[in-house]
Amino acid sequence: MDRTGPAVPQTTIFTVMSALALEHRAVNLGQGFPDESGPARVIEAAAAAMREGRNQYPPLAGVPELREAIAAHQRHWYGLEPDVNDGVVVTAGATEAVAAAMLAFVRPGDEVVAMEPFYDSYKASVELAGGTIVPWRLEAPAFRPDLMRLKEIVTDRTRVLLLNSPHNPTGTVLDRAELEAVARVAAERDLLVVTDEVYEHLVFDGLAHVPFASLPGMWERTVSIGSAGKTFSVTGWKIGWATGPADLVGRLKGVKQYLTFASGTPFQYGIAEALASGPVFYEEYVADYAERRDLLASGLADLGFTVHRPQGTYFVTAGAAPLGYADGLAFCLELPERCGVVAIPNQVFYADPAAPRPEVRFTFCKPREVLEEGLKRLRDGLPR
């Protein structure tokens, strides 16, 4: 009997590094979760739902109030019109949405082109569906997409383009011209497109997030994935969603019913309240994180790292080669004991995670005093 199954890692790098953070009482600048809790009114909305007895299974697609809030959010920000009943599904975070999409759209032998480096669940989800992930690499130091390369790697076996903008871990935000070039390839090769847009509101320097589904002709072939955890600092609630045309969302729902079916009923009411936030919330949110980005990026540069200043997300990619480290994984495994700081090696976000790379990812979704303490520990412990 073949007991091997898909080659899915048993332990993620996040589990490993979080354990090292606890063991060494390290400042955790690795895993992307804020230290602060979400807005008080959002927490209270979820608590009120619990007190009111809304603690049983919600509908498969999500509670109507949240689906309506998601549709209104997309209409307000992007002019999109997902159908509240058939074009919106609430998921257990964006990770479930990605997995359900791959299981819904990818057949054994299909290829999925994904921007590399990519979040580690992408490869696992594609392989669970029987597909093969094909990296479309964003090369250091600029981490911009090579659009000619995209045309070269799309084959007759390519089924799905998996886009991520704002991009984790590099912080690249695809501009309209880049997205339009991708759209031409998608149309010419008749590809489905799945977009991970969980950092849609965390874009800096006057740039704007452009949803791929908003481009001419792309709505009918695109499933857009969003999440509340990053924007509203409630990552533990695991409330995400997928939107798009009814036929594609319907196929995704058909898979989701056998994954979680549904989750987080009271949290869904909390996120419905969160999505009603006015422009002041988002303006202050971006301004606050821009200051944290600058604090961490400048501090790492002063320590000798090669720093890529992100356009979006709450991660900074920093090269450790100037400090004498060609292998980011070895550097990150040594860092908690040596300096009392945790980071994530970027090489785990590549299709071949065994190949040494000097880039590491630090997060700035922490209070300023935590970032300052982390920089101090690095300054005291790193070779100079």
Using modelled atom types and a 3.5 Å cut-off, is there a donor and acceptor pairing between side-chain atoms of His167 and backbone atoms of Val173?
no
Checking Phe349 against Thr170 for the side chain to side chain contact (heavy atoms under 4.5 Å, CB included) test, could you report, in this order, the C-alpha distance in whole Å, the side-chain angles of both residues, the deciding distance, and whether it holds?
CA-CA 10 Å; Phe349 301 125; Thr170 68; over 6 Å; no
Does a side-chain N-to-carboxylate-O contact under 4.0 Å join Arg221 and Asp190?
yes
Strictly distance-based, threshold 3.5 Å: is any side-chain N or O of Asp205 a donor or acceptor partner for the main-chain N or O of Leu207?
no
Rounding to 0.5 Å, atoms CG (Leu335) and CG (Leu382) come to a distance of 6.5 Å
Search all heavy atoms of Thr363 against all heavy atoms of Asn28 and return the closest pair with its distance.
CG2-O, 4.4 Å
Between Trp241 and Val89, is the side chain to side chain contact (heavy atoms under 4.5 Å, CB included) condition met? List the steps.
CA-CA 6 Å; Trp241 52 82; Val89 59; over 6 Å; no
Mark yes when over 12 heavy atoms from residues, nucleotides or ligands other than Arg41 sit less than 6.0 Å from its CZ; otherwise mark no.
yes
Look only at the side chain of Asp288 and the backbone of Arg292, and say whether a donor-acceptor pair between them is shorter than 3.5 Å.
no
Please determine whether residues Leu162 and Leu191 belong to a single hydrophobic cluster, defined as Ile, Leu, Val, Met, Phe, Trp and Tyr linked transitively by side-chain heavy-atom distances below 4.5 Å.
no
Taking all heavy atoms of Gly374 and all of Val341, pick out the closest pair and write down the distance.
O-CG2, 3.6 Å
Would the distance check show the side chain of Asp110 and the main-chain N or O of Arg107 forming a donor-acceptor pair, the cut-off being under 3.5 Å?
yes
Hey, is the main chain of Thr265 close enough, under 3.5 Å, to the side chain of Gln268 for a donor-acceptor pair?
no
Taking the side chain as every heavy atom from C-beta outward, state whether Leu147 and Val182 have any pair of such atoms under 4.5 Å apart.
yes
Honestly, is Lys366 close enough over Tyr314, meaning NZ or CZ under 6.0 Å from the six-membered ring centre and within 45° of the axis?
no
Should the pair Arg368-Glu291 be classified as a salt bridge under the 4.0 Å nitrogen-to-oxygen rule?
yes
Thinking salt bridges, do Glu373 and Arg377 make one under a 4.0 Å N-O criterion?
yes
Taking the six-membered ring of Tyr350, is NZ or CZ of Arg357 closer than 6.0 Å to its centre and within 45° of its axis?
yes
Does the cation-pi check pass for Arg293 over Phe204, that is, NZ or CZ under 6.0 Å from the six-membered ring centre and within 45° of its axis?
yes
Sub-3.5 Å donor-acceptor pair from the side chain of Thr231 to the main-chain atoms of Ala228, do we have one?
no
Polar side chain donor-acceptor pair, Asp196 to Tyr122, under 3.5 angstrom:
yes
Are Met115 and Val154 in one and the same hydrophobic cluster, where Ile, Leu, Val, Met, Phe, Trp and Tyr link if side-chain heavy atoms are under 4.5 Å apart?
yes
Run Ile13 and Leu329 through side chain to side chain contact (heavy atoms under 4.5 Å, CB included) and show every step you take.
CA-CA 10 Å; Ile13 190 65; Leu329 177 59; 4.1 Å; yes
On a heavy-atom basis, which atom in Phe281 and which in Pro39 lie closest, and how many Å separate them?
CE1-CG, 3.8 Å
Short side-chain donor-acceptor distance under 3.5 Å, Thr155 and Arg189:
no
May I have the list of side-chain donor-acceptor pairs in residues 47-63 shorter than 3.5 Å, sequence neighbours left out?
unit_1 : atom_1 : unit_2 : atom_2 : d
Arg51  : NH2    : Glu44  : OE2    : 2.3
Asn55  : ND2    : Met50  : O      : 3.0

Pair Glu180 + Arg184, salt bridge at N-O below 4.0 Å
no
Determine whether Glu139 and Arg144 satisfy the following criterion, salt bridge (Lys or Arg N to Asp or Glu O under 4.0 Å), listing intermediate values before the conclusion.
CA-CA 7 Å; Glu139 296 284 4; Arg144 302 308 305 183; over 6 Å; no
I'd like to know if the side chain of Glu96 pairs up with that of Thr260 as donor and acceptor (distance under 3.5 Å, no hydrogens or angles considered).
yes
Are Ile225 and Val88 linked, directly or through other ILVMFWY residues, by side chains that come within less than 4.5 angstrom of each other?
no
Any sub-3.5 Å donor-acceptor pair from Glu65's side-chain atoms to Ala272's backbone N or O?
no
Any idea which heavy atoms bring Pro322 and Thr306 closest together, and the distance?
CG-OG1, 3.3 Å
Pairs involving residues 330-340, ordered by first then second residue, that meet side-chain hydrogen bond (donor to acceptor under 3.5 Å, both in side chains) (sequence neighbours left out)
Tyr325-Glu334, Tyr325-Arg338, Glu334-Arg338
Can you list every pair that meets side-chain hydrogen bond (donor to acceptor under 3.5 Å, both in side chains) and has a residue in residues 67-95, with sequence neighbours left out?
His73-His201, Gln74-Thr243, Arg75-Glu81, Tyr78-Glu200
For Leu303 and Leu323 the tightest heavy-atom approach is O-CD2, 3.4 Å
Hey, any chance Leu259 and Leu252 share a hydrophobic cluster, counting ILVMFWY side chains that come within less than 4.5 Å of each other, even indirectly?
no
Centroid-centroid distance, Phe305 to Phe362, less than 6.0 Å:
yes
Smallest heavy-atom separation, Thr172 atom then Phe143 atom, equals OG1-O, 2.7 Å
Determine whether the side chains of Ser18 and Gln31 contain a donor N or O and an acceptor N or O closer than 3.5 Å.
yes
Leu80 and Pro211, any side-chain heavy atoms less than 4.5 Å apart:
yes
When you measure from the side chain of Thr195 to the backbone N and O of Asn164, does any donor-acceptor pair fall under 3.5 Å?
no
ILVMFWY network linking Val194 to Ile133, side-chain heavy atoms under 4.5 angstrom
yes
Could you please spell out the steps behind the side chain to side chain contact (heavy atoms under 4.5 Å, CB included) verdict for Phe232 and Leu275?
CA-CA 9 Å; Phe232 300 105; Leu275 288 174; 4.0 Å; yes
Where the side chain of Trp136 meets the backbone of Asp146, is there a donor-acceptor pair that is under 3.5 Å apart?
yes
Does Arg176, at its CZ atom, have more than 12 non-hydrogen atoms belonging to other residues, nucleotides or ligands within less than 6.0 Å?
no
